[in-house]
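Please read the structure below before turning to the comments.
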Amino acid sequence: MTVEIYLDKKNCWKTKPFILCVLLLCSIFWHTLRHNRLDTNAPLFCNFQRSIIGINNASHLGLLKGVTLHRMLYDTPNIMRPLRIDVLTMTPWFAPIVWNGTYNSDILNAQFHQKDVHVGLTVFAIRKYAVFVQTFIETAEKFFMVGQKVTYYIFTDRINDIPAFTLSDGRKLIVLEVPSYTRWQDVSMRRMEMIRDQSRQRFIREVDYLVCVDVDMRFSDEVGVEILSGIFGTLHPGFYSASREQFTYERRPQSTAYIPTDEGDFYYAGGFFGGTVEEVYRLTNFCHNAMMVDKEKQIEAIWHDESYLNKYFLYEKPTKILSPEYLWDNNFQTPGFLKRKRFVAVPKNHNAIRYRRELMGVSVASGKFHR
Ligand code: 5GW
Ligand code: MN
């Protein structure tokens with residue numbers, strides 16, 4: 001029947017609007033493709049881009065928009081003048097280590113603004129740790145990614161204890177209700193699983209980068225886009241001067257977190273890592289799966305999620321590393337090279353809040369720390 005209608009010249013006028021509509025839709029689709037964010041380097045769009053190319057079997061280079069150049073004014077870098085000579089600023093695999101004085105925020109902010117980057121900050125406030133949320137968010141509003149698009153994700157079992165906040169423009173806060181585990185070790189470790197699950201369900205659609213941190217902290221100086229990279233970790237403030245044998249890696253070969261004494265780059269802190277949503281998904285998925293393998297074998301790594309994180313970063317090297325400026329604890333004496341304390345542990349009333357590290361004997365003697 002349909003064929004007959006198409007062949008029927010008298011009825012031809014009936015099919016014309018239909019064909020015009022199809023052509024219109026095609027051109028709208030094409031226009032959207034060309035002017036969508038295909039010209040950015042935003043990692044989230046790369047897969048989309050590739051799948052489109054797969055369908056068309058044509059090079060995506062033809063879809064790129066012309067570049068607009070923006071004039072910028074700043075001090076010239078000087079090849080003969082290193083920005084820091086007292087600390088390591090680059091790893092042997094060419095990942096920058098972020099210290100005060102090594103970057104120019106104006107350049108970086110302009111770059112990230114052009115890409116319209118959206119950052120998610122994840123934090124867990126389970127049980128009594130809900131008390132830390134207020135200071136955490138209030139100080140983040142002052143210092144964290146000022147001027148960028150930010151979404152705070154608060155994972156909690158106590159949604160009614162999370163206060164209301166007035167946030168600056170471009171910022172929002174989402175409370176995610178999650179179960180509370182009985183053992184504190186599980187509260188800490190299950191963060192990996194929950195970040196992984198939400199990366200798949202939500203973060204991948206809502207943000208470009210994730211920053212995953214402890215909640216018992218306050219921001220006391222700028223933490224901006226200089227931290228962002230494919231996948232980044234933070235040097236633990238207790239181990240910057242320790243040798244690789246002294247790192248408190250998991251040392252039992254039966255554990256998936258095992259690292260032998262002749263391996264290791266740095267000791268990374270469990271309380272500050274991040275990257276693109278894809279990379280954070282890979283990291284958290286690895287750590288959670290490794291924990292589940294150990295759980296089957298009834299073994300748990302010595303420093304819980306931190307041990308699995310260190311295992312991951314040994315073989316999947318971070319593309320950027322944050323100096324201890326980004327995760328400081330005032331229980332440690334301030335070394336001369338530490339110019340800023342950007343994100344600092346809030347002292348815990350250990351009896352009221354918890355009872356943990358003291359058992360392991362943290363000491364601050366002679367600038368070296370042993371657990
Ligand atoms: C409670 C008791 C012992 C250890 C951890 C907890 C605990 C941690 C908790 O009851 N509720 C909770 O939300 N957490 C989350 O895990 C917080 O986001 C916290 O910042 C993170 C890591 O635990 P911390 O901060 O006690 O670990 P350290 O190594 O910074 O002392
Ligand atoms: Mn903490």
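Ligands are counted one by one from 1 in listed order, and the atoms in each one are counted from 1 as well. Both backbone and side-chain heavy atoms feed into the values below; hydrogens, waters and symmetry mates do not. Nothing fancy with the numbering, it's 1 onward along the sequence.
Of the inter-residue distances, the one linking Lys339 atom NZ with Asp86 atom CG reads 6.0 Å to the nearest 0.5 angstrom. Atom OG1 in Thr256 sits 12.0 Å away from atom CD in Glu296 (nearest 0.5 Å). Taking CG from Asn100 and CG from Leu338, the interatomic distance works out to 9.0 Å, rounded to the nearest 0.5 Å.
Nearest N/O/S atom of Asp214 relative to the Mn ion (ligand 2): this is OD2.
The proximity of Lys348 to ligand 1, defined as any non-hydrogen pair under 4.0 Å, is limited to the side chain. Only side-chain heavy atoms of Tyr129 come within less than 4.0 Å of ligand 1; its backbone N, CA, C and O stay farther off. Within the 4.0 Å heavy-atom criterion, both parts of Asp214, backbone and side chain, lie near ligand 1. Using a 4.0 Å cut-off between heavy atoms, Ala345 makes no contact with ligand 1 at all.
Of all atoms in ligand 1, numbered sequentially from 1 with element shown, those under 4.0 Å from a heavy atom of Val187 are 7 (C), 8 (C), 9 (C), 11 (N), 12 (C), 14 (N). Counting the atoms of ligand 1 from 1 in the order shown, those under 4.0 Å from a heavy atom of Ile126 are 9 (C), 10 (O), 11 (N), 12 (C), 13 (O). Remark: ligand 1 atoms within the under-4.0 Å shell around heavy atoms of Val215 are 17 (C), 18 (O), 20 (O).
Ligand 1 has no nitrogen or oxygen under 3.5 angstrom from a nitrogen or oxygen of Val213. An N or O contact shorter than 3.5 Å links Asp216 to ligand 1 by distance.
Ligand 1 lies less than 4.0 angstrom from a heavy atom belonging to Arg191. In this structure, Met217 has no heavy atom closer than 4.0 Å to ligand 1. Ligand 1 has Ala125 within reach: a non-hydrogen atom of the residue lies less than 4.0 Å from it.
Remark: aromatic rings of Phe272 and Phe343 are close, center separation under 6.0 Å.
Not a single salt bridge (Lys or Arg N to Asp or Glu O under 4.0 Å) links Lys172 to another residue, sequence neighbours left out. Ser168 meets the side chain to side chain contact (heavy atoms under 4.5 Å, CB included) test with Glu141, Arg171; sequence neighbours excluded.
Ring geometry for Phe124 against Phe155 counts as parallel: the plane angle stays under 30°, on a 0 to 90° scale with 60° as the upper cut.
Remark: Glu325 engages Arg342 in a salt bridge, criterion side-chain N to carboxylate O under 4.0 Å.
Judged by the 6.0 Å distance and 45° axis criteria, Lys311 is not positioned over the aromatic ring of Tyr308.
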